[in-house]
> 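Quick one: the structure is below, questions incoming.
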Amino acid sequence: MTKQSTALAVHLRQAQWLLDELAFDAGSDRLDAHQIAEAVVTLSQLNALLSGVHATIVSGVGGEVFMKTSPSTSGDSSHENCPLETGQKFP
């Protein structure tokens, strides 16, 4: 298992647990703003990670998967459809 696949597996499990708790609390009318905000952040991070993994697979290029932290300013448009071009490595 690579560093990237390990990170992906961990984040997928975290999202799964979070969504399980949200579903239970939603069914019990016990959702609060903090839980929803946490879900937004967690799912946004998972979206960024999955987008990077997808772009890596589609391009056929191995290597590190990067997490988006701000828009790219490199001027390189070869990956302009990939939202993960800032250069910060995802743990």
Side-chain angles (χ1 to χ4, degrees):
M1 191 176 256
T2 66
K3 187 176 180 179
Q4 291 78 25
S5 63
T6 300
L8 179 58
V10 167
H11 282 81
L12 286 167
R13 284 294 183 197
Q14 288 173 337
Q16 179 183 16
W17 297 328
L18 177 68
L19 291 172
D20 284 344
E21 290 177 21
L22 283 175
F24 180 80
D25 288 345
S28 303
D29 289 326
R30 293 186 292 154
L31 282 179
D32 63 35
H34 176 74
Q35 287 176 293
I36 294 170
E38 182 182 9
V40 168
V41 169
T42 299
L43 294 174
S44 294
Q45 291 172 344
L46 183 57
N47 178 48
L49 181 58
L50 285 171
S51 295
V53 170
H54 178 261
T56 300
I57 291 169
V58 168
S59 71
V61 178
E64 298 285 333
V65 174
F66 296 92
M67 183 175 169
K68 181 179 179 180
T69 56
S70 63
S72 176
T73 57
S74 67
D76 179 3
S77 62
S78 63
H79 296 95
E80 71 184 23
N81 291 328
C82 178
L84 310 176
E85 292 297 321
T86 62
Q88 180 182 354
K89 289 183 182 177
F90 196 83

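These figures come from a predicted structure and were not determined experimentally. Residue indices begin at 1 and follow the sequence shown.
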> For residues Ile57 and Leu46: do they belong to one hydrophobic cluster (side chain heavy atoms under 4.5 Å, members Ile, Leu, Val, Met, Phe, Trp, Tyr)?
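Yes; Leu46 is reachable from Ile57 via cluster members.
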> Between Ser28 and Asp25 (side chain of the first, backbone of the second, donor and acceptor by atom type, cut-off under 3.5 Å), is there such a pair?
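Here the side-chain-to-backbone pair does not exist.
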> How about Val53 and Gln4: do any of their side-chain heavy atoms sit closer than 4.5 Å?
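They are not in contact (no side-chain heavy atoms under 4.5 Å apart), so the answer is no.
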> If hydrophobic clusters are built by linking Ile, Leu, Val, Met, Phe, Trp and Tyr wherever their side-chain heavy atoms come under 4.5 Å apart, do Leu43 and Leu22 end up in the same one?
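Result: yes, single cluster for both.
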> Count the heavy atoms belonging to other residues, nucleotides or ligands that lie under 6.0 Å from CZ of Arg13, then report whether that count exceeds 12.
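Count not over threshold, so no.
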> Quick one: closest heavy-atom pair of Gln35 and Arg30, and the distance?
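Closest heavy-atom pair between Gln35 and Arg30: OE1-O, 3.3 Å.
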> State yes or no: do Val41 and Leu18 share one hydrophobic cluster built from I, L, V, M, F, W and Y residues joined by side-chain heavy-atom distances below 4.5 Å, directly or via other members?
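No; Leu18 is not reachable from Val41 via cluster members.
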> With rounding to the nearest 0.5 angstrom, report the CD to CD distance, Glu21 to Glu38.
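With rounding to 0.5 Å, CD (Glu21) is 7.5 Å from CD (Glu38).
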> Between atom CG of Leu19 and atom OG1 of Thr42, what is the distance when rounded to the nearest 0.5 Å?
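Rounded to the nearest 0.5 Å, the CG-OG1 separation comes to 8.5 Å.
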